[in-house]
Amino acid sequence: MKNLKTASVAVLGSSGSVGTQALDVCEKLGLRVDALTGGRNDQLLEEQIRRFRPRFCAMADADAARALRTRVRDTDTKIFEGEEGILALIGETDAKTAVNSILGLAGLAPTLAAARRGMRIATANKESIVAAGDLVNAAVRENGAELIPVDSEHSAIFQCLHCGTHGEVKRILLTASGGPFFGYTKEQLDRVTRADALRHPTWKMGAKITVDSATLMNKGLEVIEAVRLFGVAPAQITVVVHRESIIHSAVEYIDNAVIAELSHPDMRECVQYALTYPHRVPAVIEPLDLLKVGTLTFKRPDTEAFPLLALAFRAIETGGLMPAVLSAANEAAVSLFLADKIRFAEIAAVVERAMDGFNNKSDFTVEDVFSADREARKRVLDARG
């Protein structure tokens with residue numbers, strides 16, 4: 001991507017946190033935005049259309065798409081509607097890169113569609129990789145596509161892996177902020193509230209991912225994602241609590257050299273690298289001042305107080321559809337917590353019950369993934385009566 005001015009990008013999930021930051025990066029780098037997708041916020045999508053003048057836009061909600069079509073009828077942007085419309089948009093765009101920041105398993109079909117077109121996929125949609133990473137990797141290989149992570153930890157690992165070969169990797173050090181309840185006991189966690197869980201010490205994120213950070217499930221999902229993305233064994237991943245969120249992750253090689261990626265905690269750096277790789281261009285974020293940072297600390301995670309991290313290791317070690325079950329059960333349990341129907345400390349127990357006794361498959365299809373997702377959610381709801 002030497003000539004950035006001629007490059008074009010499709011931003012899938014442009015109304016979310018990562019999507020809006022991706023648009024900011026595109027604007028600062030002078031990249032043409034050829035396509036946008038959103039869920040229901042037609043007002044925000046109208047603002048983005050008028051700002052970036054994409055040729056295509058799709059909205060998952062059909063009513064919102066029709067409202068948007070009316071709002072922007074004075075523009076040349078073609079509006080698609082529904083999940084099928086998102087796939088049609090991917091088929092028509094001339095963008096060579098798709099930033100996929102769609103939330104949840106809804107991002108799987110667009111990921112596969114972009115892979116089949118041989119696109120570079122800058123992915124922040126961890127659920128697709130967690131639930132169906134083998135299927136995504138196969139589609140990427142078969143069609144000459146690229147899969148480049150945007151999450152800060154996996155972007156860091158991706159960059160550090162360029163310092164050696166795959167066979168020289170000893171282990172991956174996956175850093176975690178520890179969330180708002182770092183150091184809490186089980187008894188203290190039993191008393192935390194919804195408002196407590198939504199106060200993250202470092203990052204500003206949506207409610208679901210913020211709760212996942214508080215339970216350490218977000219780190220568990222990232223463990224699974226790292227196994228899928230980088231072809232390592234679960235035993236090669238060590239989670240390290242690093243409260244300062246300056247080292248975004250590191251790779252230890254067989255000669256015991258540890259290569260780490262450090263930067264100011266800003267997702268735009270990750271998006272930028274995914275868009276410009278293998279080149280580096282002047283930053284869109286502020287520089288890191290290590291003298292101001294001062295001290296960097298590292299701790300072991302407490303998997304007794306935060307059992308979801310251990311459940312994630314169990315899921316990826318089991319393999320098959322179990323990571324999809326874990327992800328879906330957790331999403332359903334977090335929804336119950338956010339609706340004040342279960343306590344924070346109950347989330348892990350509800351997820352574990354959904355995993356227990358599930359009829360797993362080692363070989364599976366996309367349809368199997370969605371079936372497992374539905375069954376896991378039903379198990380969570382049934383457990384609550």
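Bear in mind that the values here come from a model prediction, so they are computed numbers and not experimental data.
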| request: Would you please test F56 and L36 for side chain to side chain contact (heavy atoms under 4.5 Å, CB included) and show each step? | output: CA-CA 6 Å; F56 308 109; L36 301 171; over 6 Å; no
| message | Using the rule given for side chain to side chain contact (heavy atoms under 4.5 Å, CB included), can you reason through M322 versus R314, listing the C-alpha separation, both sets of side-chain angles and the distance that settles it, and then say yes or no? | response | CA-CA 9 Å; M322 198 56 72; R314 171 184 150 189; 5.6 Å; no
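Environment of CG in L103: sparse, with no more than 12 heavy atoms of neighbouring residues, nucleotides or ligands closer than 6.0 Å. Other residues, nucleotides and ligands place no more than 12 heavy atoms under 6.0 Å from the NZ atom of K96.
Inspection of the T297 and R243 side chains reveals no N or O donor paired with an N or O acceptor under 3.5 Å. Between the side chains of E127 and S327, no donor-acceptor pair of N or O atoms lies under 3.5 Å. No side-chain donor-acceptor contact under 3.5 Å links S371 and E375. A side-chain N or O of S263 and one of H248 form a donor-acceptor pair less than 3.5 Å apart. At a cut-off of 3.5 Å, with distance as the only test, no side-chain donor of N100 or T123 sits close to an acceptor on the other residue. Side-chain atoms of Q159 and S155 form a donor-acceptor pair, as typed in the model, at a separation below 3.5 Å. Looking at E244 and H242, their side chains do bring a donor and an acceptor atom within 3.5 Å of each other.
You'll find the side chain of V350 stays beyond 4.5 Å of the side chain of I347, heavy atoms only.
When all heavy atoms are compared, the tightest approach of N125 to G104 is ND2-O, 2.8 Å.
Rounding to the nearest 0.5 Å gives a distance of 4.0 Å between CG of D74 and CZ of R50. A distance of 6.0 Å separates CD1 in I129 from OG1 in T111, rounded to the nearest 0.5 Å. Put simply, CG on L262 and CD1 on I246 are 7.5 Å apart, with the number rounded to the nearest 0.5 Å. Between the NZ atom of K126 and the CG atom of L229 there is a distance of 10.5 Å, given to the nearest 0.5 Å.
Counting only distance, with no hydrogens or angles, the side chain of D368 and the backbone of T365 share a donor-acceptor pair below 3.5 Å.
Residues F306 and Y184 keep their aromatic ring centres 6.0 Å or farther apart. Between Y277 and F158, the gap from one ring centroid to the other is short of 6.0 Å.
Look at K219 and E222 and you find a salt bridge, because one of the NZ, NE, NH1 or NH2 atoms lies within 4.0 Å of a carboxylate O, short of that distance. Salt-bridge check for R343 with E346: passed, with a basic side-chain N closer than 4.0 Å to an acidic carboxylate O.
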